Amino acid sequence: YFAISYDSSDQTALYIRMLGDVRVRSQVGFEPERRGSHPYLGVDFRTLHSRAESAGTIPARRIRRLFSFQRHLLSSRLLRGAPQLNPLHILDEDYCGQAKCMLEKVGSWNFDIFLFDRLTNGNSLVFLTFNLLNQYGLIELFQLDMVKLRRFLVLVQEDYHNQNPYHNAVHAADVTQAMHCYLKEPKLAESLTSFDILLGLLAAATHDLDHPGVNQPFLIKTNHYLAALYRNTSVLENHHWRSAVGLLRETELFSNLPAEDSLSIERQLGSLILATDISRQNEYLSRFRTHLDENDLSLGNASHRHFVLQMALKCADICNPCRPWELSKQWSEKVTEEFFHQGDIEKKHKLEISPLCDSEANTIASVQIGFMTYVVEPLFAEWARFSDTRLSQTMLGHLGLNKASWSAMEPEASGSSEEGESETGRATEEPSSRVLSQGSQES
């Protein structure tokens, strides 16, 4: 999440500004970009180094590339010349009966993505996305080549950094599963085209692709090349989009489609992924609220359908507080671990500690209560106005219960709220103009 310009009297915008500084965990070191992502920049852009490589030890990045090549060879051997029958037959050997049973309930809001990831040996994103594409009939409709599709999904999963506690392939799989739940809602199911559904699932699966594990302000203050490349504007979202396009082109997944259709997919995929930039949260929410107030959303209109897809992806991206407590709590712990890790790195390198990243000044409960109050509740309240269904009420119900649970763990929350807000105010009065001006620019 990134910094935004805000009215100091607007508590919601203030919290989003704070959140802008803390979305992702930082690592000290940065790997060069992976396959499909700006290969023409053939230099090592790491600005800091997390650990020295032991003498005689193969660097981790070389190991990952080796595994990447081995996986490609394996998938090629398994799939080369495979007959075009039921697409799921190629996956039978890969997951056990329990995983298959779970996929039969993939549309359930209680779907446990952590368990599914264990049952699939860490391949939840590949199997879940493949299953959904098949379930919607998109593989057959768009005549997707099985080898190319499998390779694309493997590379997508591989290009997530699983050392990140939160922004990893499991998060992408969770967002994709949530997107599926929204796509099945009556208003969307009755109006979305197969093209819309394909875009929605691809955007969900790739929306955080190759996330480096740091937030935008961190990239800016360490002079990371991505910040310069995208001029400090929606840096990570632009990178996720370009990385996804790189893999689409590398695997030639849509080579059977007319060139203009392929380019259209790439452009609209970017529009969806860029909508997840939290610095534009108020912009999208205000537009959504206006449409609902005026009751002028027409899902027969392609641009309106695309906007609803953007809002659905935004909801899916931050739906963790709306999950059952057992799942929501795990996500809260993971994302806060990333926040605090970034703070530890900033302390170690004598950088200004980002708001909410200081483990000595914040708790999981305080971070989650603020996030739910100022970001999640406003968004899901409007989504419930748009799609007043059992699912929407279930999500709001979980949100209320989860917030109460965190509040119970923060007995001094009310007494320290004024102090926390004053600290927040001081923290947001002094950030560099470069960070603040970035938030007001459009992606």
Side-chain angles (χ1 to χ4, degrees), residues 1-8 10-24 167 175 178-179 182 199-200 203-204 206-209 211 214-220 226-227 229-242 244 267-293 297 303-320 335 354-356 370-383 386 428 431-443:
Y1 295 128
F2 310 125
I4 64 170
S5 57
Y6 61 95
D7 183 338
S8 60
D10 185 338
Q11 292 299 315
T12 299
L14 178 61
Y15 186 81
I16 294 175
R17 167 62 185 86
M18 289 178 59
L19 195 63
D21 291 337
V22 299
R23 181 180 184 193
V24 265
H167 289 96
V175 172
M179 190 64 158
Y182 300 150
L199 281 172
T206 62
H207 80 285
D208 274 334
L209 188 60
H211 203 295
V214 292
N215 61 7
Q216 177 166 279
F218 191 95
L219 293 176
I220 292 173
L226 285 177
L229 182 64
Y230 297 116
R231 301 182 180 182
N232 301 341
T233 302
S234 295
V235 174
L236 290 176
E237 286 75 19
N238 270 298
H239 176 56
H240 305 325
W241 168 33
R242 292 334 201 273
R267 286 193 299 268
Q268 295 191 55
L269 186 65
S271 177
L272 291 176
I273 293 175
L274 288 173
T276 63
D277 183 350
I278 200 66
S279 73
R280 302 180 66 185
Q281 178 83 354
N282 286 342
E283 171 192 336
Y284 280 93
L285 190 58
S286 176
R287 181 181 168 191
F288 194 36
R289 186 177 291 122
T290 298
H291 278 303
L292 296 176
D293 290 343
L297 269 178
S303 64
H304 284 195
R305 290 199 308 275
H306 188 76
F307 175 67
V308 168
L309 276 180
Q310 289 176 318
M311 298 307 299
L313 182 58
K314 289 175 68 63
C315 287
D317 190 25
I318 61 172
C319 72
N320 303 147
V335 74
S354 301
L356 305 185
F371 179 58
M372 293 178 185
T373 301
Y374 299 117
V375 180
V376 183
E377 286 179 346
L379 177 61
F380 281 87
E382 297 305 318
W383 181 261
F386 165 71
T428 54
S432 68
S433 58
R434 175 172 56 174
V435 174
L436 286 175
S437 63
Q438 175 276 328
S440 63
Q441 299 174 2
E442 294 186 0
S443 299

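In what follows, every heavy atom counts, from backbone to side chain, and hydrogens, waters and symmetry copies are set aside. All values reported here derive from a predicted model rather than from experimental measurement.
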Indicate the atoms forming the closest heavy-atom contact of [X] with [Y], along with that distance.
{"X": "L297", "Y": "F307", "value": "CD2-CD2, 4.3 Å"}
{"X": "L219", "Y": "V214", "value": "CD2-CG2, 3.2 Å"}
{"X": "I318", "Y": "V375", "value": "CD1-CG1, 3.8 Å"}
{"X": "S234", "Y": "L274", "value": "CB-CD2, 4.1 Å"}
{"X": "A203", "Y": "L313", "value": "CB-CD2, 3.9 Å"}
{"X": "A316", "Y": "M179", "value": "CB-N, 4.0 Å"}

- Result of checking R242, Q310, H240, Q268 against I273 for side chain to side chain contact (heavy atoms under 4.5 Å, CB included):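 Of all the options given, the one that passes is H240.
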
- Check I278, L272, D277 against E237 for a side chain to side chain contact (heavy atoms under 4.5 Å, CB included) and give me the one that passes.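 Result: among I278, L272, D277, D277 is the only option passing the side chain to side chain contact (heavy atoms under 4.5 Å, CB included) with E237.
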
- Checking side-chain contact (heavy atoms from CB on, under 4.5 Å) for the pair T276/D208: CA distance, chi angles, key distance, verdict? CA-CA 9 Å; T276 63; D208 274 334; 5.6 Å; no

- Message: Between F380 and C319, is there a side-chain heavy-atom distance shorter than 4.5 Å?
- Response: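 Side chain of C319 against side chain of F380, heavy atoms only: contact under 4.5 Å found.
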
- Which residues share a ring pair (Phe, Tyr, Trp, His ring centres under 6.0 Å) with W383, sequence neighbours left out: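 Scan of W383 (ring pair (Phe, Tyr, Trp, His ring centres under 6.0 Å), adjacent residues dropped) gives Y182, F386.
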
- Message: How long is the straight-line distance from CG of N215 back to NE2 of H167, given to the nearest 0.5 Å?
- Response: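 These two atoms lie 10.0 Å from each other.
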
- Spatial distance of atom CG (L309) from atom NZ (K314) [nearest 0.5 Å]: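 Between L309 CG and K314 NZ, I get 13.5 Å after rounding to 0.5 Å.
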
Give every donor-acceptor pair under 3.5 Å between a side-chain atom in residues 285-292 and any protein atom, sequence neighbours left out.
{"residue": "R289", "atom": "NE", "partner": "E382", "partner atom": "OE2", "Å": "3.3"}
{"residue": "T290", "atom": "OG1", "partner": "S286", "partner atom": "O", "Å": "2.9"}
{"residue": "H291", "atom": "ND1", "partner": "D296", "partner atom": "OD1", "Å": "2.8"}

